[in-house]
Trainee: 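Got a structure for you, written out below as structure tokens; questions coming shortly.
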Number of protein chains: 2
Amino acid sequence: MKGMQLDDTNLKILRILQDDASLTNQELSNRIGLSPATTLERVKKLEQAGIIRKYTALVDEKKLNKHIKAYIFITMKEHSNQSLIEFNKRIKDLPEVLECCRLAGEKDYILKVIVDNIEDFELFTRTRLTTIPGIDKTSSSIVLASIVDRTDIPL
Amino acid sequence: MKGMQLDDTNLKILRILQDDASLTNQELSNRIGLSPATTLERVKKLEQAGIIRKYTALVDEKKLNKHIKAYIFITMKEHSNQSLIEFNKRIKDLPEVLECCRLAGEKDYILKVIVDNIEDFELFTRTRLTTIPGIDKTSSSIVLASIVDRTDIPL
DNA sequence: GGTGAAATAAGGGTTAC
DNA sequence: GTAACCCTTATTTCACC
């Protein structure tokens, strides 16, 4: 399913479900002005096509005692394919790492990390992150305040 | 509801729902080993306490033609309270900005931005971002590859 | 529309402090 | 006693064909 139909109705469905996935199919069908059956069929197709990847509950980090969020930049010693593949593999095993992207430019990677407190952050970088082979330098920016934090892609 | 009980059962519920919020309450109750009614009651309390913030559908960015993701650093001309409040207000109006954090260190803000293509990126920075008053310098890092992209807080 | 399944509401039992 | 936790049953609502 590559070239799936992304008409206005499907975009509307995606906008609504990104905003609130707890809606019943009936309520969703009301909002887009189609019958429940037709609406459900469209949603199922969007799921099958992988356009809807996942349904998830978003939680309040602070209320779960995750008080430190930080971005960490990483530069590697060498940039061989092997070295980067090994790094990618190792970084996926760290649940504290919510995002990890390979970048264009001087810095090789950016990580978004979340931990309980500043002691845990120090412990994380020292015992879990920088023990990954191939890392040359890291540089951390602690988040002081989160102004925007959304998961909904603009459509 | 501040000091809400976060016992093992509630943590298990949160882990499961972060991983898959499309589960029925019955299936959820099976997995945690409680009755459906009791399970539902716990979930409702987690919602009321704001620990579960939102249910959302995560979509595949690439399949929706969002091909460019980038991190942008911003340094401000001045750091008066007024100046930052104005910036915060303006940045929330830009749907391309998925994350915006105030940072400790040299750089004042980091933004995560998603757009269709590189032309749109140039247009965004030139006509929508740098037109916000108070910005001194910006510096962009384009994402080459996404290694990790998760929303589930480790619990 | 109809059917079966699931969410929700109501009521009661058990244990710990 | 009472508060927290959990269960069962009954009713309503919804997904799905």
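Computed from a prediction, not measured in an experiment: that's the story for all the values here. Order of the sequence lines sets the chain letters (A, B, ...), proteins ahead of strands, with each chain counted from 1.
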Trainee: D:dC6, D:dA15, D:dT8: which one has an atom nearest the side-chain heavy atoms of B:A37?
Mentor: D:dT8
Trainee: Round to the nearest Å and state the distance from A:N30 atom CG to D:dA15 atom P.
Mentor: 11 Å
Trainee: Grab the CD1-P distance between B:I32 and D:dC5 for me, whole Å please.
Mentor: 13 Å
Trainee: State whether the side chain of A:T56 and the backbone N or O of B:A21 hold a donor-acceptor pair below 3.5 Å, judged by distance alone.
Mentor: no
Trainee: For A:E27 and D:dA15, give me the distance from atom CD to atom P, rounded to whole Å.
Mentor: 11 Å
Trainee: Salt bridge (charged side-chain N to carboxylate O under 4.0 Å, His left out) with A:K66: which of A:D120, A:D60, A:D116?
Mentor: A:D116
Trainee: Between B:R42 and D:dC5, is there a side-chain N or O to OP1/OP2 distance below 4.0 Å?
Mentor: no
Trainee: Just checking B:T24: base, sugar-phosphate only, or nothing, at a heavy-atom cut-off of under 4.0 Å?
Mentor: sugar-phosphate
Trainee: For B:Y55 and C:dA7, what is the distance between atoms OH and C1' respectively, to the nearest whole Å?
Mentor: 13 Å
Trainee: In whole Å, I'd like the distance from the CG atom of B:L40 to the P atom of D:dT13.
Mentor: 16 Å
Trainee: Could you please name the option among D:dA15, C:dA7, D:dC6 that lies closest to any side-chain atom of A:Q26?
Mentor: D:dA15
Trainee: Can you check whether B:K44 has a side-chain N or O nearer than 4.0 Å to OP1 or OP2 of C:dT8?
Mentor: yes
Trainee: On DNA chain D, does the nearest nucleotide to B:P36 precede the nearest nucleotide to B:D7 from the 5' side, or the other way round? Give the residue.
Mentor: B:D7
Trainee: Between C1' on D:dA15 and CD on A:E41, what's the gap in Å once rounded to a whole number?
Mentor: 14 Å
Trainee: In whole Å, I'd like the distance from the CG atom of A:L23 to the C1' atom of D:dT13.
Mentor: 15 Å
Trainee: Is B:E41 paired with B:K44 through a side-chain N to carboxylate O contact shorter than 4.0 Å?
Mentor: no
Trainee: Is it the case that one hydrophobic cluster holds both A:I13 and A:L40, taking links as side-chain heavy atoms less than 4.5 Å apart, direct or via other members?
Mentor: no
Trainee: According to the interplanar angle, ranging from 0 to 90°, do the rings of B:F73 and A:F73 count as parallel (below 30°), tilted (30 to 60°) or perpendicular (above 60°)?
Mentor: tilted
Trainee: Can you tell me which nucleotide in C:dA7, D:dC6, D:dA15 comes closest to the side chain of B:N25?
Mentor: C:dA7
Trainee: Using a cut-off of strictly less than 4.0 Å, decide whether B:T38 has a side-chain nitrogen or oxygen near OP1 or OP2 of D:dC6.
Mentor: no
